[in-house]
Amino acid sequence: MAQRKAVIVGASSGIGFEVARLLLTQGWQLGVAARRQEPLLQLKALAPDRVEVMTIDITQPDAEQRLFDLIDRLGGMDLYFHASGIGKQNRTLEPNVELRTVETNALGFTRMIGAAYRYFATKYSQPTSQASRERAIIAAITSIAGTKGLGPAPAYSATKALQANYLEALEQQAHQRHLPIHFLDIRPGFVDTALLSGDFPYPMLMQPEVVARDIVESICKLRNVRIIDWRYRFLTFFWRLIPRCLWRNIKI
Ligand SMILES: NC(=O)c1ccc[n+]([C@@H]2O[C@H](COP(=O)([O-])OP(=O)(O)OC[C@H]3O[C@@H](n4cnc5c(N)ncnc54)[C@H](OP(=O)(O)O)[C@@H]3O)[C@@H](O)[C@H]2O)c1
């Protein structure tokens, strides 16, 4: 997969930053985006000839156009990787926290994944050589939080469920339109990044470098859904079996 082109939105920290670093070591050309420019420039410094930088705020209406400008600068895109997201515990249901989460994880996500999908749909609707019909990939980090309604973080949990369903829906639509787009839904458990800072100590915390390695392997193996790691695969398998009448009693 050397020399392929990936755009990573949400590359300025945490899991997205680590995935960007790893793809660079594997020879990919990257377009990296987020709101903060400084960390994106750090990525560019690692391989100046292979990294393009663009500031994008996915909650803003110009985000789609800025993504297309980034793809132009990169000279195309084979993989769109969506790592942007926010999340916060909100046990008192502060409205601002809920609405900002929806704005970023639902509206921003839909805007950007939709833009990437439309880019690939246009690309594959044009007469083209066999080589450039190589399968495109849309990958996004959702979360295990989307597999059940979680009381401590209602908007986070609900928007992560939306993201997972959206990817599944697009996969069906793309298949029926004969678009060679592969979809990957990545669902990590707790990862030691800025997203969790300020809350309480989390159990079964994973390092972002380890999660990034699993993600890059999942991209290469064209997995569809990847829960990271095995402990969370086990956990989510069982908690999905719990009926609502019992679930509401469980303290998280
Ligand atoms: N950490 C965990 O335990 C965990 C578990 C499961 C899933 N996830 C998911 O993994 C993804 C990455 O999170 P992380 O843990 O790596 O946290 P992080 O270090 O806080 O990274 C979040 C990324 O999202 C970007 N972002 C936030 N708002 C944005 C906006 N409006 N426009 C563009 N980019 C924006 C941030 O960049 P800027 O601030 O520079 O814009 C940053 O690059 C999120 O979707 C998160 O829900 C995390």
Side-chain angles (χ1 to χ4, degrees), residues 7-22 30-43 53-64 66-67 70 80-90 97 99-113 115-116 139-148 150 152-153 155-164 166-167 184-212 214-215 225-229 231-233 235-236:
V7 168
I8 303 180
V9 178
S12 62
S13 67
I15 307 169
F17 187 86
E18 292 304 328
V19 168
R21 286 213 309 193
L22 210 48
L30 296 187
V32 291
R35 290 168 302 180
R36 286 168 293 158
Q37 193 179 39
E38 184 54 38
L40 302 177
L41 293 174
Q42 284 174 29
L43 288 169
V53 168
M54 177 74 80
T55 53
I56 298 180
D57 181 342
I58 64 167
T59 65
Q60 296 303 308
D62 69 353
E64 173 162 354
R66 294 180 75 78
L67 172 66
L70 179 58
Y80 175 79
F81 184 77
H82 192 91
S84 287
I86 59 171
K88 220 174 166 22
Q89 293 216 4
N90 192 13
V97 173
L99 295 176
R100 271 192 344 103
T101 305
V102 170
E103 219 175 26
T104 306
N105 296 358
L107 297 181
F109 176 90
T110 305
R111 173 180 287 122
M112 302 311 285
I113 294 288
I141 310 175
T142 68
S143 172
I144 60 156
T147 60
K148 231 23 193 167
L150 302 181
Y156 185 71
S157 165
T159 54
K160 290 297 171 181
L162 175 145
Q163 294 180 351
Y166 201 74
L167 293 172
L184 169 59
D185 171 355
I186 300 145
R187 303 178 183 173
F190 297 132
V191 189
D192 190 6
T193 67
L195 187 125
L196 294 187
S197 66
D199 288 333
F200 59 87
Y202 286 86
M204 301 202 298
L205 203 57
M206 300 175 286
Q207 289 310 305
E209 300 81 358
V210 175
V211 173
D214 198 319
I215 289 173
V225 176
R226 181 65 170 172
I227 298 171
I228 305 172
D229 55 11
R231 296 166 299 175
Y232 290 98
R233 289 196 278 282
L235 180 78
T236 52

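Start at 1 and go down the list; that is how both ligands and their atoms are numbered. If you read the sequence from its start, that first residue is 1, and numbering goes on from there.
- Of all the atoms in ligand 1, the ones that sit under 4.0 Å from a non-hydrogen atom of Phe190 are 3 (O).
- Within the model, atoms CD of Gln207 and CD1 of Ile15 stand 11.0 Å from one another, a figure rounded to the nearest 0.5 Å.
- Backbone and side-chain nitrogen or oxygen atoms of Ile15 are examined, and one is located within less than 3.5 angstrom of a nitrogen or oxygen of ligand 1.
- A donor-acceptor distance shorter than 3.5 angstrom exists from the side chain of Gln163 to the backbone of Asn105, with no hydrogens or angles considered.
- Scanning the protein for heavy atoms near atom 13 (O) of ligand 1, the closest one is Leu195 CD1, 4.0 Å.
- Classification of Arg100 and Glu103 as a salt-bridged pair fails, no side-chain N sitting under 4.0 Å from a carboxylate O.
- For ligand 1, the atoms closer than 4.0 angstrom to any heavy atom of Ser143 are 6 (C), 7 (C).
- Nearest non-hydrogen protein atom to atom 3 (O) of ligand 1 is Val191 N, 2.7 Å.
- The side-chain heavy atoms of Asp229 and Val210, taken from C-beta on, include no pair separated by under 4.5 Å.
- Looking only at protein heavy atoms, the nearest one to atom 35 (C) of ligand 1 is Ser84 OG, 3.5 Å.
- In summary, the side chains of Ser13 and Arg36 do present a donor paired with an acceptor at a separation below 3.5 Å, with no hydrogens or angles considered.
- Residues Leu107 and Thr59 are not in side-chain contact: their nearest non-hydrogen atoms beyond the backbone lie 4.5 Å or more apart.
- Without hydrogens or angle criteria, Ser157 side chain to Ala145 main chain gives a donor-acceptor distance under 3.5 Å.
- Protein heavy atom nearest atom 22 (C) of ligand 1, with residue, atom name and distance: Gly85 O, 3.6 Å.
- Remark: among candidates Thr193, Asp57, Thr104, the nearest residue to atom 15 (O) of ligand 1 is Thr193, based on non-hydrogen atoms.
- A distance-only check finds a donor-acceptor pair linking the side chain of Arg233 to the backbone of Ile227 [under 3.5 Å].
- Any N or O atom pair closer than 3.5 Å counts here, and Ile58 shares at least one such pair with ligand 1.
- Proximity of Arg187 to ligand 1, defined as any heavy-atom pair under 4.0 Å, is not found for any part of the residue.
- Contacts between Leu196 and ligand 1 below 4.0 angstrom, taking non-hydrogen atoms only, involve the side chain exclusively.
- Ring planes of Phe109 and His82: perpendicular class, angle over 60° (limits at 30 and 60°).
- Given atom 7 (C) of ligand 1, the protein heavy atom at minimum distance is Thr142 O, 3.1 Å.
- Among Leu205, Leu40, Ile141, Ile56, the residue whose heavy atom lies closest to atom 33 (C) of ligand 1 is Ile56.
- Panel note: side chain Asp192, backbone Pro208; no donor-acceptor pair is recorded below 3.5 Å.
- Using a 3.5 Å distance cut-off with no hydrogens or angles, the side chains of Thr55 and Arg66 do pair a donor with an acceptor.
- Of the residues Ile141, Ile215, Leu30, the one that meets the side-chain contact (heavy atoms from CB on, under 4.5 Å) test with Val19 is Ile215.
- Closest heavy-atom approach to atom 23 (C) of ligand 1 among the candidates Ala83, Gly16, Gly14: Ala83.
- Scanning all protein heavy atoms for the shortest distance to atom 45 (O) of ligand 1 gives Lys160 NZ, 2.9 Å.
- If you number the atoms of ligand 1 from 1 as listed, the ones under 4.0 Å from a heavy atom of Thr59 come out as 31 (N).
- In this structure a side-chain-to-backbone donor-acceptor pair under 3.5 Å is present from Tyr232 to Phe190.
- Of the candidates Ser12, Gly189, Ala140, Ala11, the one placing a heavy atom closest to atom 5 (C) of ligand 1 is Gly189.
- Considering only non-hydrogen protein atoms, atom 21 (O) of ligand 1 sits nearest to Ser13 OG, 3.2 Å.
- Protein heavy atom at the shortest distance from atom 27 (C) of ligand 1 is Arg35 NH2, 3.4 Å.
- Ligand 1 has Tyr156 within reach: a non-hydrogen atom of the residue lies less than 4.0 Å from it.
- Gly108 does not count as a contact of ligand 1, since none of its heavy atoms falls under 4.0 Å from the ligand.
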